Amino acid sequence: MAPIPTQWSRLIRFVAVETAQIHIGQPVDPRLDVGLAAWNKQTIRAYEISGSALDPAASVTSNILTVEKLLSPLSREETKVVRCLGLNYSDHAAEINMAKPAAPILFYKPLASMIGPNAPIFIPKAAQPVEVHLSDYEVELTIVIGKAAKDVSEADALDYILGYTGANDVSFRKHQMTTSQWGFSKGFDNTTPLGPVLVSNNAISNPQDIPLTCTLNGKVLQDGNTSDQIFNVRQTVSFLSQGTTLEPGSVILTGTPKGVGFARKPAVVLKNGDDCRVWLGNGIGTLVNPVIEEGRYQAKL
């Protein structure tokens with residue numbers, strides 16, 4: 001096997017000023033934190049990419065477009081499934097006094113839960129009041145599968161990955177702790193930000209050395225590294241592919257490091273008007289999302 005070849009190294013999806021249409025492109029500035037720039041309403045220019053995000057033959061053109069609105073790197077239509085690992089960092093397991101799992105703890109997210117950069121995290125009435133339901137943040141490295149994977153070995157696992165992006169696995173702990181199945185508590189509509197940049201597998205040689213943080217209202221609450229994962233990226237892709245085909249466009253959230261809100265004393269919760277930011281290194285950047293509680297004043301966008 002060989003890694004999936006891409007002609008792009010960093011891919012964004014956006015509405016262009018010039019066309020008012022959705023495009024994909026590669027940022028002109030290779031060092032720009034696109035998510036932060038979009039939130040701060042800075043000018044972002046990108047070389048248009050001809051083709052789709054999931055097409056390895058997609059090519060970077062010389063046509064430069066200006067970003068009007070930054071979107072999630074994959075559309076809901078391109079996303080085949082969203083699978084997630086829970087309790088996958090040693091330091092996170094320690095902070096909540098739980099043993100490291102012997103096998104990956106898995107759950108799914110509905111596509112309706114997925115949102116993009118700058119979009120509000122929407123806390124429904126079913127998860128209010130937040131002080132009781134313990135609305136929580138989780139920064140996560142996210143894998144995007146680029147070619148069909150079944151019964152993949154750990155040695156070959158990285159060759160099936162198109163690229164990496166970020167996510168915020170917003171969770172509601174009261175619902176989560178009520179049952180052993182986590183899908184309901186982590187699957188409400190418009191609660192899971194994804195993005196801002198999809199970085200090619202060719203640009204990240206070692207996914208086990210990516211720093212990641214979560215900042216709430218200017219305070220850093222999570223500060224970890226993927227080196228602390230219990231099941232690394234190779235193991236995760238291999239495990240999930242056993243007897244099961246991972247189609248191109250499959251999205252895999254890989255767990256969160258220590259610092260989550262409900263483990264703190266007193267607990268920290270996401271609430272109306274909050275500014276929540278997750279950041280990942282290696283070119284992925286910052287995913288900024290305000291928080292809105294249903295039935296209350298809208299967050300400042």
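Not measured: the values here are computed from a predicted model. For the numbers below, each heavy atom of this structure counts, side chains included, while hydrogens, waters and symmetry mates do not.
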Spacing of Thr191 atom OG1 and Asp169 atom CG [to the nearest 0.5 Å]: 8.5 Å
For Ala148, side-chain contact (heavy atoms from CB on, under 4.5 Å) partners two or more places apart: Thr245, Pro248
Sequence-distant partners of Asp29, salt bridge (charged side-chain N to carboxylate O under 4.0 Å, His left out), two or more places apart: Arg31
Under the side-chain hydrogen bond (donor to acceptor under 3.5 Å, both in side chains) test, residues paired with Lys69 that sit two or more places apart: none
With sequence neighbours excluded, residues passing salt bridge (charged side-chain N to carboxylate O under 4.0 Å, His left out) with Lys271: Asp274
Between Asn225 and Ser227, a side-chain donor and acceptor under 3.5 Å: yes
Residues which pass side-chain contact (heavy atoms from CB on, under 4.5 Å) with Pro101, listed by chain and number, not counting sequence neighbours: Leu87, Ile105, Ile230, Phe231
For Asn97, side-chain contact (heavy atoms from CB on, under 4.5 Å) partners two or more places apart: none
NZ/NE/NH1/NH2 to OD/OE distance under 4.0 Å, Lys258 and Asp223: no
Between Glu293 and Asn272: side-chain donor-acceptor atoms closer than 3.5 Å: no
Counterpart residues, salt bridge (charged side-chain N to carboxylate O under 4.0 Å, His left out), relative to Arg277 (two or more places apart): Asp275
Fellow cluster residues of Leu71, listed by chain then number, with links counted only when side-chain atoms sit under 4.5 Å apart: Val15, Ile22
Gln26 and Ser9: side chain donor to acceptor below 3.5 Å: yes
Salt bridge (charged side-chain N to carboxylate O under 4.0 Å, His left out) against Asp136, all qualifying residues, sequence neighbours excluded: Arg173
Acceptor/donor pairs from residues 206-215 side chains to any protein atom, 3.5 angstrom cut, sequence neighbours excluded:
{"from": "Asn206", "atom 1": "OD1", "to": "Gln208", "atom 2": "N", "distance (Å)": "3.0"}
{"from": "Gln208", "atom 1": "OE1", "to": "Val233", "atom 2": "N", "distance (Å)": "2.8"}
{"from": "Gln208", "atom 1": "NE2", "to": "Thr226", "atom 2": "O", "distance (Å)": "2.9"}
{"from": "Gln208", "atom 1": "NE2", "to": "Gln229", "atom 2": "OE1", "distance (Å)": "3.1"}

Partners passing side-chain contact (heavy atoms from CB on, under 4.5 Å) against Gln21 (at least two apart in sequence or in another chain): Thr19, His23
Hydrophobic cluster (4.5 angstrom, side-chain heavy atoms) - remaining members for Ile4: Trp8, Leu11, Ile24, Val28, Tyr47, Ile49, Leu54, Val60, Ile64, Leu74, Val82, Leu111, Met114, Val144, Leu162, Leu194, Leu198, Val251, Leu253
Main-chain N/O of Ala157 paired with Ser238 side-chain donor or acceptor, under 3.5 Å: no
Check: Gly273 main-chain N/O paired with Arg296 side-chain donor or acceptor under 3.5 Å: no
